[in-house]
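Data block below; observations after.
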Amino acid sequence: MPARIRKAVFPVAGLGTRFLPATKTVPKEMLPIIDRPLIQYAVDEAIEAGCDTLVFVTNRYKHAVADYFDKAYELEQKLERAGKHEQLELVRNVLPKGVRAVFVTQAEALGLGHAVLCAKPVVGNEPFAVILPDDLIWNRHNGSGGDGALKQMADAAEASGASMLAVQDVPREKTGSYGIVAAPDFNGREGRIEAIVEKPKPADAPSTLAVVGRYVLNPRIFELLESTTPGAGGEIQLTDAIAALLKEEAVNAYRFRGTRFDCGTHIGLIEATIRYALDHEKLSNAATTLMQDALREMGVEELE
Ligand code: G1P
């Protein structure tokens, strides 16, 4: 029986230049959707999938993520004394009991593949997850909550023993923003990957199935990353090591249930905020009314 993943790696060393000037002091992973930073959504998804060890690959300038997951003694004492139990629970549950956070520094920004390799000493010789917190995946349609994307993948990976990459269809003109896979036997949910290429031009893309930021990987990937040379953009690409892995063993594409918001872009962050507000148990009515009012005031006609 293949092992269940227990460890999740969060590459959070990026500069987040798209969100300057905010990201001058606030890492992009700390940008909130309503009242929770993006990293919290990613962490909750990993914990739901069964992970108890969270490995953050950060850079030496970014302390905010470590501070966020650290225990806030003074704040907790103040909330306790003031009898603010609900808020106290929110602060305490940032990292539930039994889950540990480990911080690893990526000394140089050499690419996503290099960031994942930095986690090798903590992950060791077992399958693990990689979550890119920019990709926020929502799986609550019409008020019904389903399993998070990583849990769906971890269940499928546990059953098959194969490495798994989350995929979704993208318009052909967007292939240059993603790793693109060729999976000829894709059955609509899952299929073995025969080839993967990082950010191909639309004309060169083997399909329109794009990798989004969730991976379940067998530890062999670390050895392959050690010998991966810089690829697209001059960076050590995770995609290139996966291309080597799939020549040796099964790597499957997995189309998750849920909607992915690309919170690495302005419009994706806006879209996620709107969706979470409309779905929020306390804010939904007010958010709906104000969106309708705003559209009306700005003269935007309702869609038929
Ligand atoms: C990374 C990966 C790419 C993947 C994407 C998903 O690219 O290199 O293969 O499709 O994440 O978000 P980035 O968006 O970091 O440029």
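Just follow the structure's listing: the first ligand is 1, and inside any ligand the first atom is 1.
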Exercise. Return yes if some donor-acceptor pair links the side-chain N/O of Gln87 with the main-chain N/O of Leu79 below 3.5 Å, else return no.
Key: no
Practice problem: Would you verify that at least one protein heavy atom lies under 4.0 Å from atom 7 (O) of ligand 1, or report that none does? | Solution: yes
Quiz item: Can you say whether the rings of Phe19 and His266 are parallel (under 30°), tilted (30 to 60°) or perpendicular (over 60°)?
Solution: perpendicular
Quiz prompt | For atom 12 (O) of ligand 1, the protein heavy atom that lies nearest, with its residue and separation | solution = Asp135 OD2, 2.8 Å
Quiz item: If you measure from each heavy atom of Leu238 to ligand 1, is any distance below 4.0 Å?
Solution: no
Quiz item: Between Asp134 and Lys28, is the closest basic N to carboxylate O distance under 4.0 Å?
Solution: yes
Quiz prompt | Pairing of Glu249 and Arg220 as salt bridge, 4.0 angstrom limit | solution = no
Quiz item: Given the rule that I, L, V, M, F, W and Y join up when any side-chain heavy atoms are under 4.5 Å apart, are Val211 and Leu224 in one cluster?
Solution: yes
Quiz prompt | Aromatic ring proximity Tyr41/Phe261, centre distance under 6.0 Å | solution = no
Quiz item: Do any N/O atoms on Val212 end up under 3.5 angstrom from N/O atoms on ligand 1?
Solution: no
Practice problem: Provide the number and element of each atom of ligand 1 under 4.0 Å from a heavy atom of Thr239. | Solution: 9 (O)
Quiz prompt | ligand 1 to Val211 polar contact by distance, N or O atoms, under 3.5 Å | solution = yes
Practice problem: Answer whether the closest heavy-atom distance between the side chains of Gln40 and Tyr68 falls below 4.5 Å. | Solution: yes
Quiz prompt | Numbering as shown, the atoms of ligand 1 that approach Tyr178 to under 4.0 Å (heavy-atom distance) | solution = 10 (O)
Self-check item: Protein residue, atom and distance nearest to atom 9 (O) of ligand 1, heavy-atom basis
Solution: Glu198 OE1, 2.7 Å
Self-check item: Minimum-distance protein heavy atom relative to atom 15 (O) of ligand 1
Solution: Lys199 NZ, 4.7 Å
Quiz item: Can you tell me which residue and heavy atom of the protein come closest to atom 11 (O) of ligand 1, and the distance to 0.1 Å?
Solution: Leu132 CD1, 3.4 Å
